[in-house]
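I have placed the structure first, in the form of structure tokens, so that the comments after it can refer back to it.
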Amino acid sequence: GRFQSSTLSEVDEFNASVGFDYQLYPYDIAGSIAHARMLAQQGIIKKSDAEKIVRGLQKIYKNIQKGDFEWDLHKEDVHLNIEAKLTELIGEVGGKLHTARSRNDQVATDIRLYCRDQVSRLAQVLLEYQRALLEQAEKHIDTLLPGYTHLQRAQPISLAHHLMAYYEMALRDLARLVDSFSRINTLPLGSGALAGTTFPIDRNLVAKELGFSSLAHNSLDAVSDRDFVIETLANLSLLMMHLSRLAEEWILWTSQEFQFIQLPEAYCTGSSMMPQKINPDVLELIRGKTGRVYGALQTLLTLMKGLPLTYNKDMQEDKEGCIDTVETLSICLKLLISMLPKMKLNKARMYHAAGRAYSNATDLADYLAKKGLPFREAHEVVGQLVAKGIAQAKDLQELSLAEMQEVSSLIEQDVYEVLKLESVVNVRNSYGGTGTEQVKKQIKLARRLLET
Ligand code: ARG
């Protein structure tokens, strides 16, 4: 009514968000149905009108699901497309749906419903991922490999312990998602454009119908808050960072230099030029897609930082990154879950690597310290033994007792038992260590947690 000329076609295109926000249709329709029912309940519109509206919306939902719906760019977004279709279906009574509502509280409600749904869905997938990690850990309590610091062989560990490290990360990621839920699950609808409404609405009724656990208390905040999207993107960025580290390790492990694992071919591709190649594409893409997930977080943080209250059109840009991130996480997790049990391990090579590079040197120092030598001195003594070993191209356990005793008279025959690879791993039974008892304990705890 206010406009005397129509918008430029390019402006329509530029302005439109329906190209991506159409994906919010189930939430938009659910929100509208709850709103229409509340309007009738409160006597704001007639019951019979509300019934027509609800039936119309249900029909639209079915049609969209069937693929029988044409999204129109010139109707800007998911909200206007659905409302226009409603009026087309049931006549001008369709126009009553938007009583006491603005697209500002409507879109905020839609994205909250979307985030709520997707966060719960991803939490389920994350549980499956934890289960997949745990299953492999259970199988590899006795599989040994080198543990690294600075990417230099440091101390041997069990593969179970290594996998359980990723389990722990996933556990924190899950806890973050669960914790964010109550902040996501609060209802903005009923806040109007920014300042509330003159109609005697009942927001509690809408909240109840839509399963929101609380109401947004300030209408200005309600329509302009996107913290929950940012929080979700931040939580998913952390999760993605963990997946990326796992992917990176496996990429290293498949290299000719490591040869610890072989990836199932179904997750690799060849090279167009080099016939011998098998490239770990899936893992590389998981690592690579971490960039776009961080990008979405960065985009939204930047987008929001300068906005005056309340709604600004800039905020329409919140959706693409959010939807893209959710989809990226979903596919990355699913691929890892299906890949995990199919990995082929080169146990012999891992075992061999675990025992090399003086990875038992700390154990020899501990041995001397337990015999009363201050640890700093013990460290020095073992350093000399390592130098001796390097000079003769021998590992510590390959030095004779006499050779060792030249450096320290505290060393006795029992040292050879201490230096064995299995001993080195199994004795690290401090809480949370790689010792078999500890690893079994952590696995048991995790099992119990996953089954409850
Ligand atoms: N498509 C818009 C968005 O995603 C919906 C809200 C529009 N509100 C407005 N006052 N123009 O943000």
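Counting starts at 1 for both ligands and their atoms, following the listed order. As the structure is a prediction and not an experimental result, all values here were calculated from the model.
- Side-chain contact check for Gln65 and Lys62: no donor-acceptor pair (N or O, by modelled atom type) lies under 3.5 Å.
- Proximity to Asn104 (heavy-atom distance under 4.0 Å) selects the following atoms of ligand 1: 8 (N), 9 (C), 10 (N).
- The protein heavy atom nearest to atom 5 (C) of ligand 1 is Asp77 OD2, 3.4 Å.
- Nearest protein heavy-atom contact of atom 6 (C) of ligand 1 is Tyr311 OH, 3.4 Å.
- The one candidate from Val125, Leu174, Asp173 that meets the side-chain contact (heavy atoms from CB on, under 4.5 Å) condition with Gln130 is Leu174.
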Given Arg101 and Thr197, is the side-chain hydrogen bond (donor to acceptor under 3.5 Å, both in side chains) satisfied, shown in steps?
-> CA-CA 8 Å; Arg101 186 174 78 166; Thr197 170; over 6 Å; no
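- The single protein non-hydrogen atom nearest to atom 4 (O) of ligand 1 is Lys319 NZ, 2.5 Å, given as residue, atom name and distance.
- Residue Gln106 does not touch ligand 1, judged by heavy-atom distances below 4.0 Å.
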Where do Arg428 and Asp363 land on the salt bridge (charged side-chain N to carboxylate O under 4.0 Å, His left out) test, with the steps shown first?
-> CA-CA 10 Å; Arg428 292 204 149 62; Asp363 297 77; 3.1 Å; yes
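- Between the side chains of Ser338 and Tyr267, at least one donor N or O sits under 3.5 Å from an acceptor N or O.
- Near Gln316, the atoms of ligand 1 lying under 4.0 angstrom from a non-hydrogen atom of the residue are 1 (N), 2 (C), 3 (C), 4 (O), 12 (O).
- Those atoms of ligand 1 that come under 4.0 Å of a heavy atom in Ser17, given as number and element, are 1 (N).
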When you look at Gln155 and Tyr148, which way does the side-chain hydrogen bond (donor to acceptor under 3.5 Å, both in side chains) test go after all the steps?
-> CA-CA 7 Å; Gln155 290 172 344; Tyr148 296 82; over 6 Å; no
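- At the shortest separation from atom 11 (N) of ligand 1 among protein heavy atoms lies Arg103 NH2, 3.6 Å.
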